[in-house]
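A quick write-up on the structure given underneath.
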Amino acid sequence: MNNTKSNFSITPEAKVGYLLDKFPQLEEVLIEMAPEFKKLRNPVLRKTIAKVASLQQIAQLGNVPLAEMINKLRSEAGIQDEISDVEDKSIESTDPPDWFDKSRVVKTFDARPMLEAGEQ
């Protein structure tokens with residue numbers, strides 16, 4: 001493994017975008033694990049969501065066991081360390097963050113149908 005990749009650790013907190021920047025071949029591995037991850041091919045989502053979404057978050061989204069995902073990604077990246085169990089820190093909350101002000105929302109748009117159709 002070369003030195004530029006050796007400083008990166010594939011952990012539940014790792015950001016998907018950074019992971020795929022370091023290991024582009026892992027995109028196909030993620031897509032094989034959950035078809036929902038095909039959306040990572042969308043350049044807009046790749047530059048936005050993938051930069052902030054962690055492996056833990058997408059494992060939940062794709063309904064993939066987190067330890068299984070981490071171990072598969074590590075194996076495909078040539079990293080020998082395996083994990084046996086990962087604490088599942090729930091990331092879902094029904095409460096909006098303190099900074100959110102609903103009165104400032106002037107328009108909403110549900111992009112899910114477009115993304116599901118492969119549109120950008």
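Numbering starts at 1 and runs along the sequence shown. Everything quoted here is computed from the prediction, not taken from an experiment.
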Might you point out which heavy atoms bring [X] and [Y] nearest each other, and give the distance in Å?
X      : Y      : value
Ile58  : Phe37  : O-CZ, 3.1 Å
Ala34  : Gly62  : CB-O, 3.9 Å
Val105 : Thr108 : CG1-CG2, 3.7 Å

Would you call [X] and [Y] a side-chain contact if the rule is heavy atoms closer than 4.5 Å?
X     : Y     : result
Lys51 : Lys15 : no
Ile70 : Pro12 : yes
Met69 : Arg74 : no
Leu66 : Gln57 : no

Checklist entry - Given the rule that I, L, V, M, F, W and Y join up when any side-chain heavy atoms are under 4.5 Å apart, are Ile49 and Val44 in one cluster? => result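 Hydrophobic grouping puts Ile49 apart from Val44.
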Next on the checklist: Would a single hydrophobic cluster contain both Leu20 and Tyr18, if residues Ile, Leu, Val, Met, Phe, Trp and Tyr are joined by side-chain heavy-atom contacts under 4.5 Å?
Outcome noted: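 Yes; tracing contacts between hydrophobic side chains, which count when under 4.5 Å, links both residues.
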Item to check | Derivation and outcome, side-chain contact (heavy atoms from CB on, under 4.5 Å), residues Leu19 and Leu55 | outcome: CA-CA 9 Å; Leu19 171 80; Leu55 290 176; 3.9 Å; yes
Next on the checklist: Working note: Phe109 + Met114, criterion side-chain contact (heavy atoms from CB on, under 4.5 Å); need CA distance, chi angles, decisive distance, verdict.
Outcome noted: CA-CA 11 Å; Phe109 177 75; Met114 288 178 56; 3.4 Å; yes
Checklist entry - Does the salt bridge (charged side-chain N to carboxylate O under 4.0 Å, His left out) test come out yes or no for Glu27 and Arg46, once each step is laid out? => result CA-CA 11 Å; Glu27 179 179 317; Arg46 187 72 162 263; 2.8 Å; yes
Checklist entry - Going through the checks in order, is the side-chain contact (heavy atoms from CB on, under 4.5 Å) test met by Leu30 and Leu73? => result CA-CA 8 Å; Leu30 286 171; Leu73 292 171; 4.0 Å; yes
If I take atom [atom1] from residue [X] and atom [atom2] from residue [Y], how far apart are they, to the nearest 0.5 angstrom?
X     : Y      : atom1 : atom2 : result
Trp99 : Asp101 : CH2   : CG    : 10.5 Å
Ile10 : Lys22  : CD1   : NZ    : 12.0 Å
Asn71 : Ile79  : CG    : CD1   : 11.0 Å

Next on the checklist: Checking Val29 against Phe23 for the side-chain contact (heavy atoms from CB on, under 4.5 Å) test, could you report, in this order, the C-alpha distance in whole Å, the side-chain angles of both residues, the deciding distance, and whether it holds?
Outcome noted: CA-CA 11 Å; Val29 175; Phe23 303 96; over 6 Å; no
Checklist entry - Which salt bridge (charged side-chain N to carboxylate O under 4.0 Å, His left out) pairs, counting each pair once, include a residue from residues 58-71, with sequence neighbours left out? => result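 Found none.
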Next on the checklist: Tell me if the CG atom of Asn63 is crowded by more than 12 foreign heavy atoms within 6.0 Å.
Outcome noted: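 Result for CG/Asn63: open.
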Checklist entry - Can you name the salt bridge (Lys or Arg N to Asp or Glu O under 4.0 Å) partners of Glu28, sequence neighbours left out? => result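 Salt bridge (Lys or Arg N to Asp or Glu O under 4.0 Å) check on Glu28 returns Arg41.
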Checklist entry - In chain order, what residues pass the salt bridge (Lys or Arg N to Asp or Glu O under 4.0 Å) check against Glu76, with sequence neighbours excluded? => result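 Checked Glu76 against salt bridge (Lys or Arg N to Asp or Glu O under 4.0 Å); matches are Lys72.
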